[in-house]
2 protein chains.
Amino acid sequence: MAPRNEDILDEQASRARMATRLRNLREAKGLTIQTVAERGGLAISTISKIERNLMAPTYDRFARLARGLGVDLAELFVEDGTRFEPGGVAVARRGEYGYHETENYTYEMLFPAVRGKRMVPMMGTLKPRERMQVDRMVSHAGEEFLLVLDGRVRVELDGMEDVVLDTGESLYFDSARGHLYASAQDAPARILVVCTEFDSDEPERG
Amino acid sequence: MAPRNEDILDEQASRARMATRLRNLREAKGLTIQTVAERGGLAISTISKIERNLMAPTYDRFARLARGLGVDLAELFVEDGTRFEPGGVAVARRGEYGYHETENYTYEMLFPAVRGKRMVPMMGTLKPRERMQVDRMVSHAGEEFLLVLDGRVRVELDGMEDVVLDTGESLYFDSARGHLYASAQDAPARILVVCTEFDSDEPERG
DNA sequence: CATGAATATTTCCGATAGGAAAGTTTCCGA
DNA sequence: TCGGAAACTTTCCTATCGGAAATATTCATG
């Protein structure tokens, strides 16, 4: 299957963003092309062309660029978007970002889910003896941390037997695995969920 | 300045690791080269060569590989080390990884901090009216989420005025900013802290 | 063993990355 | 406005990437 046209467009756009990101990053650090070239060990012209999207760098050049820029290689691949500012601090009093309802689950986002922020903490309440979503399991990219704040919770996991957690116990899992929470008692259960930032692309089955 | 010899060796090694990582990732997902090629839109031979480190992929190919593998592009650049397995699930009963003591703070890691895992959740108790660490603030790469499980906590932040959080309130901040927790009441305070995985490299000043 | 089907590798060649050096632009200070 | 230095871009050429197709390998089944 050849890539769809829109995918190719995405790819072009992605590559263009990478190019400008590289230039912005360098300029934000107040480095010249030459400095980056020397520190990283690549040609000046190469950097010039890469930053203007006239050339698609190979793995080696990315590694050298990262060294030249003084950043971790992986950092080059984090998209911008709305960003959590370096040095940023956010306090969450309760209910600031509103309460959301699904069938048997009420939750609030403790902080807005902006890009660049690595975690998305949520706090929620499960109705007594009810599953969070009746029809099917949830699955998405990233990892998930669940802490039972109050009550007893049953976690259904795709391809595994259920896990029951008491107050104070927690679970850490790859959220690509289908999952579903339910209160395992005749009272509401309160939980804290922290997800790593959702990826824009659809999740892949492992 | 040309790259030092050992840097070149690092780069070779890094590229080799990338190659095997790509192969491992594909095999872990049970995908054939052909499937990845079709879904991503690249040639079979290209993938074969990349995975055996006979070719250094360009940005475009990385983007397509990521799509073919069904992972986020940035994910390809996370080094292995001890890895949180794809699809992994870990349950934390209490005290499994031992309790750690600093001056006025007792905490436990809820899950081991292996590489590839994006979050490091910890639960701790602050002594009444005492600061976590008397001498100086803590600062490290990544982001940090603090939830007050019980009590009232004062957070000292470098270059900002203190933040006081009540039970159920939380704080999210760039943990490069110096920080220090303290109980703000005459009783111990219980907190949950989730850090993003510590980076091995020192953070770069922007 | 044979046979075939599925998967991976090799070969070959056109397209493109990437470096050296020359050329251009920008931005001062006199 | 004239050097002239610093920063960036272009040019040109070789090395390498990357795809199509041929070849090899692996693996199940009789």
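A quick note: this is a predicted structure, and the numbers were derived from the prediction, not measured. Below, chains carry the letters A, B, ... as their sequence lines are ordered, and counting in each starts from 1.
Across the protein-nucleic acid pair, D60(B) atom CG and dA15(C) atom P stand 16 Å apart, rounded to whole Å. Going from atom CD of E38(A) over to atom P of dA7(D) covers 10 Å, rounded to whole Å. Atom CD1 in I33(A) sits about 18 Å away from atom P in dT24(C), given to the nearest Å. When rounded to the nearest whole Å, the span between CZ of R23(B) and P of dA8(C) equals 7 Å. Atom CD of Q34(B) and atom C1' of dT25(D) are 15 Å apart (whole Å). Between E27(A) atom CD and dC8(D) atom C1' there is a gap of 11 Å when expressed in whole angstrom units. When rounded to the nearest whole Å, the span between CE of M55(A) and P of dA15(C) equals 17 Å. Residue I50(A) contributes atom CD1, which lies 13 Å from atom P of dT9(D) at whole-angstrom precision.
As judged by a 4.0 angstrom heavy-atom cut-off over every strand, I44(B) is placed among the base-contacting residues. Counting non-hydrogen atoms under 4.0 angstrom, L54(B) reaches the backbone sugars and phosphates but no base. Using a 4.0 Å heavy-atom cutoff across all strands shown, R61(A) reaches sugar-phosphate atoms only and no base atom. At a threshold of 4.0 angstrom between heavy atoms, the contacts of T32(A) are confined to the sugar-phosphate backbone, with no base atom among them.
Residue R129(A) qualifies as enclosed at atom CZ: its count of foreign heavy atoms under 6.0 Å is above 12.
Here the nucleotide nearest the side chain of T46(A), chosen from dT9(C), dG18(C), dG19(D), is dG18(C). With dA20(D), dA17(C), dA8(C) as the candidates, the nucleotide lying closest to the side chain of T58(B) is dA17(C). Of the candidates dC17(D), dG18(D), dA8(C), the closest approach to any side-chain atom of R15(B) belongs to dC17(D).
The nearest heavy atom of DNA chain C to E51(B) and to K49(A) marks one nucleotide each, and the one closer to the 5' end goes with E51(B).
Checking side-chain atoms of Q185(A) against main-chain N and O of P188(A) turns up a donor-acceptor pair under 3.5 Å. Without hydrogens or angle criteria, D158(A) side chain to R177(A) main chain gives no donor-acceptor distance under 3.5 Å. Listed for the R154(B) side chain is no donor-acceptor partner under 3.5 Å among the backbone atoms of V164(B). In this structure, the side chain of R26(B) engages the main chain of L31(B) through a donor-acceptor pair within 3.5 Å.
Proximity of R52(A) to the phosphate of dT10(D): a side-chain N or O atom is located under 4.0 Å from OP1 or OP2. In terms of phosphate contacts, R26(A) brings no side-chain nitrogen or oxygen within less than 4.0 Å of OP1 or OP2 of dA7(D). Here R64(A) does not reach the OP1 or OP2 of dG18(C): none of its side-chain N or O atoms lies under 4.0 Å away.
The closest side-chain heavy-atom distance from L192(A) to L110(A) is below 4.5 Å.
Across the strands present, dG19(D) finds its partner in dC12(C); the criterion is a Watson-Crick or G-U wobble pair with both atom distances under 3.5 angstrom.
Interface remark: the S45(B) side chain does form a donor-acceptor pair with the dG19(D) base, using a distance-only criterion of under 3.5 Å.
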